[in-house]
> 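Structure below; questions to follow.
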Amino acid sequence: MSSLSWFTRAVVGWYASGHRDLPWRRTRDPYRIWLSEVLLQQTRVDQGMPYYERFVERWPTVEALATADEQEVLKAWQGLGYYSRARNLLSAARQVVHVHGGRFPDTRAGLRQLQGVGEYTAGAIASICFGRPEAVVDGNVYRVLARVFAIGTPIDSTAGQREFRALAAALLPKTAPGDHNQAVMELGATVCVPRAPLCDRCPVSPRCLARRQGCIDRLPVKGGRGRVRERHFNHLCIATDGGLVLRKRTGKDIWAGLHEPPLLESPHPLAPAAFRSALRRAFGPGWKVHGHTGPVRHVLSHQVLHLTYWEVTPPRSFAPPADWRAVAGPHLDRHPVPRPIERYLALRRPAEPGP
DNA sequence: CACTCGTGGCA
DNA sequence: TTGCCAAGAGT
């Protein structure tokens with residue numbers, strides 16, 4: 001008891017005196033904790049919350065989720081980004097059911113074997129659900145520790161990750177490690193925030209080295225982002241009797257598993273004449289181009305997309321690639337699509353006005 | 001290991 | 001407008 005460090009004493013005491021009442025804090029069910037942790041990876045609580053509620057409602061148990069179809073899960077994930085999380089989520093659910101008999105592993109190493117569960121998520125589940133003495137280091141923890149201990153090692157370097165992991169482990173109390181972990185993360189999320197931290201409300205500000213040294217706004221140190229790639233997407237909007245033509249994206253590119261109108265990517269923006277030329281080169285002669293909308297600018301973490309939607313009609317002789325599918329209006333809703341395609345479809349077919 | 005994977009909010 | 005960033009993981 002008295003061996004508790006001043007750090008844990010201050011932060012856990014502060015946490016116990018009141019914190020946000022988030023739905024996943026009302027349970028220790030590893031399924032729900034896991035779901036919340038994956039949903040919140042690189043994602044704001046406000047953004048992930050409605051998704052959590054819908055997932056729990058629709059798939060209340062890991063067994064239920066394991067029986068889901070990948071397209072269903074991607075559809076439920078639509079709009080949240082980083083869609084590999086959704087595919088890994090389903091994969092891990094099936095691992096839990098078919099390899100572990102429906103029970104989540106109760107150790108960090110065991111959890112680590114699940115698809116989409118890395119060092120952070122494994123530590124979070126192990127400490128919160130099973131009381132294991134495993135420290136977690138997420139973005140919040142990096143920030144709190146970098147400031148309180150005035151550590152300037154870049155958090156995205158190998159040395160930084162080692163250093164912060166060791167410090168977090170040294171600070172972890174033997175009793176109630178899950179509460180300690182959540183308390184530090186909550187402090188980072190609500191008080192020790194990236195810009196303009198609320199130091200007058202911080203339980204450790206009297207001993208915060210960065211505050212003492214006046215360098216809070218320069219910590220933590222991160223390397224700059226890499227260069228952003230510019231891409232030009234020319235979508236072929238083909239209306240048939242059976243509906244709009246879509247194809248499913250595959251491979252390792254963005255939006256794997258999501259649908260879109262057939263794509264003609266070009267290294268530069270295309271004027272109508274250049275588009276006709278590119279269309280003929282890619283899919284043969286005889287196409288008609290009726291008009292276009294865009295380009296629409298869409299920013300991703302490492303790319304900037306310029307999307308143009310071209311209304312086209314193929315010649316009668318055209319034999320479409322095997323993965324093209326005409327999708328009638330009522331069925332469009334079942335296909336997961338990326339945000340810009342979702343917006344395009346909404347413009348193309350305005351939603352029915354509410355009652 | 002450097003790079004990649006979305007989206008939206010904010011100053 | 002631009003850049004930063006938010007409960008990371010996979011390759």
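Naming convention: chains lettered A, B, ... in sequence-line order (proteins, then strands); numbering from 1 in each chain.
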> For DNA chain C, find the residues of residues 39-56 of chain A with a heavy-atom distance under 4.0 Å and give them by number; none if there aren't any.
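Under 4.0 Å from DNA chain C: A:L40, A:Q41, A:Q42, A:R44.
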> Would you indicate what A:G188 reaches in the nucleic acid, counting non-hydrogen atoms under 4.0 angstrom: base, sugar-phosphate, or nothing?
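If one applies the 4.0 Å heavy-atom cut-off, A:G188 turns out to touch nothing in the nucleic acid.
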> Using whole Å, report how far CD of A:E230 lies from C1' of C:dT2.
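In whole Å, C:dT2 C1' lies 13 Å from A:E230 CD.
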> Rounded to the nearest angstrom, tell me the gap between atom CZ in A:R32 and atom C1' in C:dA7.
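About 19 Å, once rounded to whole Å.
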> Among residues at least two apart in sequence or on other chains, which ones pass side chain to side chain donor-acceptor pair (under 3.5 Å) with A:H331?
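A:H331: side chain to side chain donor-acceptor pair (under 3.5 Å) contacts with A:R334.
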> Distance check needed: C:dG8 P versus A:W34 CH2, whole Å only.
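Checked: the CH2 to P distance equals 17 Å.
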> Restricting to pairs with a member in residues 205-220 of chain A, which pass salt bridge (charged side-chain N to carboxylate O under 4.0 Å, His left out), not counting sequence neighbours?
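As it turns out, there is no salt bridge (charged side-chain N to carboxylate O under 4.0 Å, His left out) pair with a partner in residues 205-220 of chain A once direct neighbours are skipped.
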> With a 4.0 Å heavy-atom cut-off, tell me which residues in residues 18-27 of chain A come close to DNA chain C, sorted by residue number.
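A:R20, A:L22, A:W24, A:R25, in order of number.
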> Under the salt bridge (charged side-chain N to carboxylate O under 4.0 Å, His left out) rule, collect the residues that match up with A:R162, sequence neighbours excluded.
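A:R162: no salt bridge (charged side-chain N to carboxylate O under 4.0 Å, His left out) contacts found.
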> I'd like to know if A:E57 pairs up with A:R54 as an ion pair, taking the criterion as any Lys NZ or Arg NE/NH1/NH2 lying under 4.0 Å from an Asp or Glu carboxylate oxygen.
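So A:E57 does not pair with A:R54 through a salt bridge.
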> Under 6.0 Å between ring centres, would you say that holds for A:W287 and A:F275?
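No, the ring of A:W287 stays outside the 6.0 Å limit from the ring of A:F275, centre to centre.
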> Determine, for A:R26 against A:D21, whether the closest basic-nitrogen to carboxylate-oxygen distance falls under 4.0 angstrom.
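The answer is yes: the pair qualifies as a salt bridge.
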> Give the nucleotide from the list C:dT2, C:dG3, B:dT7 with an atom nearest to the side chain of A:R339.
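Out of C:dT2, C:dG3, B:dT7, the nucleotide with an atom closest to A:R339's side chain is B:dT7.
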> Return no unless some side-chain N or O of A:H298 is found under 4.0 Å from OP1 or OP2 of B:dG6.
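Checking A:H298 against B:dG6: no side-chain N or O falls below 4.0 Å of OP1 or OP2.
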> Just how far, in rounded Å, is P of C:dC4 from CZ of A:R218?
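Whole-Å distance recorded here is 17 Å.
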> Could you list the protein-to-nucleotides 2-5 of chain B atom pairs, N/O on both sides, closer than 3.5 Å?
residue : atom : partner : partner atom : Å
B:dC5   : OP1  : A:Q303  : NE2          : 2.8
B:dC5   : OP2  : A:Q303  : NE2          : 3.0

> With P as the reference atom in both, quote the distance from B:dG6 to C:dT11 in angstrom, rounded to an integer.
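Pairwise P distance, B:dG6 against C:dT11, rounds to 14 Å.
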> Under the rule for side chain to side chain contact (heavy atoms under 4.5 Å, CB included), what residues qualify as partners of A:L114, not counting sequence neighbours?
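Partners of A:L114 under the side chain to side chain contact (heavy atoms under 4.5 Å, CB included) test: A:A92, A:Q95, A:V96, A:H100, A:F104, A:P105, A:L111, A:V117.
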> Please list, chain by chain and in numerical order, all residues satisfying side chain to side chain donor-acceptor pair (under 3.5 Å) with A:R297, sequence neighbours excluded.
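Scan of A:R297 (side chain to side chain donor-acceptor pair (under 3.5 Å), adjacent residues dropped) gives none.
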> Looking only at atom P, what distance separates C:dG8 and B:dC1, rounded to whole Å?
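Going atom to atom, P in each nucleotide, I get 22 Å.
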> Pull out every residue in residues 115-149 of chain A that has a heavy atom closer than 4.0 Å to any atom of DNA chain C, ordered by number, or say none.
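Contacts with DNA chain C under 4.0 Å: A:Q115, A:G116, A:V117, A:G118, A:E119, A:Y120, A:T121, A:D138, A:G139, A:N140, A:R143.
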> Classify A:R343 by what it touches in the nucleic acid, base, sugar-phosphate, or nothing, heavy-atom distance under 4.0 Å.
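Touches sugar-phosphate only.
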> Determine whether the aromatic ring centres of residues A:W77 and A:Y82 are separated by less than 6.0 angstrom.
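No, they do not, as the ring centres are separated by 6.0 Å or more.
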> Keeping the roles fixed (side chain from A:T43, backbone from A:Q41), state whether a donor-acceptor pair exists under 3.5 Å.
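Yes; at least one donor-acceptor contact below 3.5 Å.
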> My understanding is that only residues two or more places apart in sequence, or in another chain, count here; which of them pass ring pair (Phe, Tyr, Trp, His ring centres under 6.0 Å) with A:W14?
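Applying ring pair (Phe, Tyr, Trp, His ring centres under 6.0 Å) to A:W14 gives none.
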> Pick the nucleotide of DNA chain C nearest each of A:S36 and A:R195; which residue has the one closer to the 5' end?
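Closer to the 5' end of DNA chain C: A:R195.
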> By side chain to side chain contact (heavy atoms under 4.5 Å, CB included), which residues pair with A:E163, not counting sequence neighbours?
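Applying side chain to side chain contact (heavy atoms under 4.5 Å, CB included) to A:E163 gives A:I151, A:T153.
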> Counting side-chain heavy atoms from C-beta on, which of B:dT7, C:dC5, B:dG6 comes nearest to A:R85?
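The listed nucleotide nearest to A:R85's side chain is B:dG6.
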> Is there a ring pair (Phe, Tyr, Trp, His ring centres under 6.0 Å) between A:Y52 and A:W24 once you walk through the steps?
CA-CA 9 Å; A:Y52 175 82; A:W24 45 85; 5.1 Å; yes
> Could you state the atom-to-atom distance from CD of A:Q78 to P of B:dG8 in whole Å?
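After rounding, the reported distance stands at 11 Å.
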> Quick one: list whatever passes side chain to side chain donor-acceptor pair (under 3.5 Å) with A:T308, sequence neighbours left out.
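So A:T308 forms no side chain to side chain donor-acceptor pair (under 3.5 Å) with any residue.
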> For A:N181 and C:dA7, what is the distance between atoms CG and C1' respectively, to the nearest whole Å?
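So the CG-C1' distance, A:N181 to C:dA7, works out to 11 Å.
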> Whole angstrom is fine here: how far is it from CD1 in A:I33 over to P in C:dG8?
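Taking CD1 of A:I33 and P of C:dG8, I get 15 Å after rounding.
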> Under 4.0 Å between a side-chain nitrogen and a carboxylate oxygen: does that hold for A:R25 and A:E186?
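A salt bridge is present here (some side-chain N lies under 4.0 Å from a carboxylate O).
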> In whole Å, I'd like the distance from the CG atom of A:L111 to the P atom of C:dA9.
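Value for this atom pair: 12 Å.
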> With rounding to whole Å, what would you report as the distance between C:dA7 and B:dC3 at their C1' atoms?
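Approximately 22 Å lies between the C1' atom of C:dA7 and that of B:dC3.
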